[in-house]
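First comes the structure, then the notes that go with it.
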Amino acid sequence: MDDSGHIISKYAKKIYGFAYSKTHNLHDAEDLSQNILLELCKMDFEARQIENMDGFIYRVCEYTWSNFVRKNIFVWEGIDYCEKINDYASKDNIDEEIIKSELYHKLRQEIMYLSKTKREAVIMFYYEGKSGKEIAEKLNIPASTVRWYLGEAKKILKERIEMNDTIYTPKRLSVFFCGNYFDMSALQILRNDLLVQNICIACEKKPLTLEEIAHKLCMSAAFVEDKLGTLLYMNYIEKKANKYKTTFFIKDGEFIIKKADFEIKNIPAVALAAYKAVKESLDDIRKIRFIGSDVNDNFLMWAIIENVANSYLGKLNTGCNLQAPIHGDGSRHFVDAGISSDDIIREYSNIDDRIIDYLKYSGGRAGQHSSNDKIVCQEFTPDVIFSDDRQVCDRQTLTELQRIHAIIKEEITPDEYDKELILKMAEKGYISALNGKPEILIPYFTAEEFDKFCSIINDVVIPKIDAEAGTAYLSDYADYIEGCIPDYLPRDEKEFVKTRFYNPNAFVWCLVREGKLAELDDEEKKRVCRIVWEV
């Protein structure tokens with residue numbers, strides 16, 4: 001790395017801090033810091049023989065910031081009411097302009113954090129010159145209420161203009177549900193929408209007003225308001241007076257690290273007992289002669305171990321018998337949410353390597369069911385077999401699998417539609433098609449065959465695991481983790497968190513690390529850990 005590379009690497013964080021202190025906006029800060037870095041990249045530091053590097057870097061930052069202001073001033077002034085502030089700025093005096101520009105951006109940012117009514121009242125009163133009476137008529141509220149809103153807004157703005165800014169780094173949640181649900185779209189918002197997740201994080205430990213949430217997240221209150229409706233409807237957030245509070249527990253980094261440490265010490269014994277019990281019963285399972293029973297031992301063990309781990313842990317998990325909270329769609333479920341492994345690893349620099357490995361590779365989707373009333377697919381997506389090509393087995397895929405199963409069982413000659421279907425399912429990895437003859441590559445049971453499979457698992461395999469591994473670790477876990485659970489949680493929610501010892505994907509993680517399960521090739525990763533049965 002040349003001198004400029006070393007210098008840029010050394011000052012990169014400070015440059016970004018400078019950029020954010022000037023712009024008060026993550027996107028603008030990124031643009032400004034990139035401009036500064038580009039200026040530095042153009043310079044020959046060795047030829048300049050700079051004695052005071054800190055001072056030199058600061059001057060480059062200030063110079064680039066001045067140019068940045070000149071270039072963007074008209075973009076920033078695109079909102080009509082902003083012209084009122086900048087009328088006072090002389091375009092000939094860039095230093096004075098920068099000072100006013102900084103104040104303007106800070107003020108604009110703080111107004112953005114206000115709730116809708118306060119925000120509209122401030123803009124109409126201070127920037128549009130409307131009277132209290134006119135504002136009252138426009139907002140359809142009493143004039144006394146307008147005065148109250150303006151007074152509250154002035155108080156908030158005065159306090160926050162004087163505060164030092166902090167950069168909020170969004171965190172992602174891993175979200176799972178235990179119970180039933182009807183409105184899948186609402187669940188997906190909580191699972192996939194980063195702003196929704198961070199609103200829940202912001203007001204999980206302490207009730208906050210809309211303005212406080214917006215300020216904490218460095219996000220416009222208008223965007224926050226837009227998300228609160230669904231959260232309130234689903235009872236994931238409750239509103240008391242003018243404050244919002246998350247209704248479910250979010251496991252933070254310390255909780256998850258402590259939980260991982262316990263699981264690393266206790267799951268291997270159970271996973272090895274499960275592996276041994278399944279291996280001993282593998283021939284009896286194959287004798288059921290279900291479609292897919294002739295796949296290789298390793299692939300079949302992956303699928304059955306996950307199924308066994310799910311059944312075994314589900315049987316022991318008393319949390320599923322508790323009264324789950326009722327939600328807006330009429331469903332009852334607990335939300336099992338925690339800070340994502342990636343965010344924890346970034347935040348905690350002193351984590352043990354074994355915990356990092358566990359956090360990265362022992363999780364994933366577990367026990368997900370899809371059905372079309374005639375056929376069910378249970379699937380697991382353990383992180384240890386991450387694949388970009390893996391797709392969820394949806395209702396349409398199940399219907400197509402059922403048709404291919406009928407072609408094989410009843411020895412039907414495929415028509416043109418069937419041939420296209422076979423090619424499609426082969427591309428997805430569920431079947432092979434040699435000479436046009438399909439062969440299903442995952443365990444597929446008829447209803448009668450599945451009953452026989454479940455009898456072996458419940459009557460033979462699980463009792464062997466109980467006998468070898470015992471269940472004392474479950475009560476040990478409840479005692480171990482109880483101190484990390486906040487007192488304010490409702491009794492059933494607290495009991496759910498305390499007894500939530502459920503991570504079937506950790507079984508295959510452990511068995512891969514122990515050398516019992518072999519790594520899978522890319523084609524196997526597309527379809528592994530799925531079991532299909534007819535009902």
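Please read these numbers as outputs of a predicted model, since none were measured by experiment.
Using a 4.0 Å cut-off between a side-chain N of Lys or Arg and a carboxylate O of Asp or Glu, Lys526 and Asp522 do not qualify as a salt bridge. Looking at Asp479 and Lys498, no side-chain N of the basic residue comes within less than 4.0 Å of a carboxylate O on the acidic one, giving no salt bridge.
Counting heavy atoms from C-beta on, the side chains of Asp336 and Lys251 come closer than 4.5 Å. Using a 4.5 Å heavy-atom cutoff, the side chains of Arg500 and Cys178 are in contact. Looking at heavy atoms from C-beta onward, Phe507 lies out of side-chain contact with Val308 at the 4.5 angstrom threshold. The side-chain heavy atoms of Leu228 and Leu210, taken from C-beta on, include a pair separated by under 4.5 Å. Thr64 places none of its side-chain heavy atoms less than 4.5 Å from the side chain of Leu38. Counting only heavy atoms from C-beta outward, the side chains of Leu208 and Tyr244 never approach each other to under 4.5 Å. Side-chain contact check for Asn235 versus Ile326: every heavy-atom pair is 4.5 Å or farther apart. Here the side chains of Trp302 and Ile385 are in contact, with some heavy-atom distance below 4.5 Å.
For Lys516, the NZ atom is loosely surrounded, since the number of other residues' heavy atoms within 6.0 Å does not exceed 12. Within 6.0 Å of the OH atom in Tyr361, the count of heavy atoms belonging to other residues, nucleotides or ligands does not exceed 12. Residue-environment remark: NZ (Lys360) stays at or below the threshold of 12 foreign heavy atoms within 6.0 Å. Within 6.0 Å of the CD atom in Glu254, the count of heavy atoms belonging to other residues, nucleotides or ligands does not exceed 12.
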Run Asp343 and Arg346 through salt bridge (charged side-chain N to carboxylate O under 4.0 Å, His left out) and show every step you take. CA-CA 5 Å; Asp343 283 322; Arg346 276 194 295 268; 2.5 Å; yes
Determine, step by step, whether Asp357 and Arg513 satisfy the side-chain contact (heavy atoms from CB on, under 4.5 Å) criterion, reporting the C-alpha distance in whole Å, the side-chain angles of both residues, the deciding distance to 0.1 Å, and the verdict. CA-CA 10 Å; Asp357 185 68; Arg513 295 296 181 260; 2.9 Å; yes
Any chance you could lay out the side-chain contact (heavy atoms from CB on, under 4.5 Å) test for Leu313 and Val270, step after step, and finish with the verdict? CA-CA 10 Å; Leu313 294 175; Val270 190; 5.7 Å; no
Step by step, work out the side-chain contact (heavy atoms from CB on, under 4.5 Å) result for Ile201 and Leu217. CA-CA 10 Å; Ile201 292 169; Leu217 299 184; over 6 Å; no
Stepwise, does the side-chain contact (heavy atoms from CB on, under 4.5 Å) test hold for Val528 with Ile442? CA-CA 7 Å; Val528 75; Ile442 60 174; over 6 Å; no
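Judged purely by atom type and a 3.5 angstrom limit, Asn505 uses its side chain to pair as donor or acceptor with the backbone of Gly364. Without hydrogens or angle criteria, Asn180 side chain to Arg332 main chain gives a donor-acceptor distance under 3.5 Å. Checking side-chain atoms of Arg191 against main-chain N and O of Val175 turns up a donor-acceptor pair under 3.5 Å. A donor-acceptor contact shorter than 3.5 Å links the side chain of Asp394 to the backbone of Thr397. Between the side chain of Glu212 and the backbone N or O of Thr209, at least one donor-acceptor pair lies under 3.5 Å. Within the 3.5 Å criterion, the main-chain N or O of His333 finds a donor-acceptor partner in the side chain of His327. Although no hydrogens or angles enter the test, the distance criterion places a donor-acceptor pair under 3.5 Å between the side chain of Lys245 and the main chain of Glu204. One N or O on the side chain of Thr247 and one on the backbone of Tyr236 form a donor-acceptor pair closer than 3.5 Å. Under the 3.5 Å distance criterion, the side-chain polar atoms of Arg527 are matched with a main-chain donor or acceptor of Gly429. Of the possible polar contacts, one joining the Tyr480 side chain to the Lys258 backbone as a donor-acceptor pair under 3.5 Å is found.
Between atom OG of residue Ser174 and atom CZ of residue Arg365 there is a gap of 9.5 Å, rounded to the nearest 0.5 Å. A distance of 12.5 Å separates CD in Gln197 from NZ in Lys171, rounded to the nearest 0.5 Å. Rounding to the nearest 0.5 angstrom, the gap separating the CG atom in Leu190 from the CG atom in Leu231 is 7.0 Å. Note that CD1 of Ile351 and CD1 of Ile257 are 4.0 Å apart. Values are rounded to the nearest 0.5 Å. Distance SG/Cys200 to CG/Leu173: 7.5 Å, rounded to 0.5 Å. The CD1 atom of Ile199 sits 10.0 Å away from the CG atom of Leu194 when rounded to the nearest 0.5 Å.
Summarising the geometry of Ala273 relative to Ala469, their closest heavy-atom pair is CB-CB, 4.3 Å, with the distance given to 0.1 Å. The shortest heavy-atom contact between Val461 and Val278 is CG1-CG2, 3.9 Å. Annotation for Ser370 and Glu379: closest pair OG-OE2, 4.3 Å, computed over non-hydrogen atoms. Across all their heavy atoms, Glu306 and Pro382 have their closest contact at OE2-CG, 3.5 Å. Minimum heavy-atom separation, Leu489 to Lys494: O-CE, 4.0 Å. Closest heavy-atom contact between Ala260 and Ile355: CB-CG2, 4.3 Å.
In this pair, Phe501 and Tyr473 present their aromatic rings tilted. The plane angle is within the 30 to 60° band.
A donor atom on one side chain and an acceptor atom on the other are not found under 3.5 Å apart for Ser340 and Asp342.
Listed by chain and number, the residues in a ring-ring contact (aromatic ring centres under 6.0 Å, His included) with Trp509 are Tyr358 (sequence neighbours excluded).
Put simply, the residue from Phe255, Tyr488, Phe334 that forms a ring pair (Phe, Tyr, Trp, His ring centres under 6.0 Å) with Phe249 is Phe255.
Separation of the Tyr502 and Phe176 ring centroids does not fall under the 6.0 Å cut-off.
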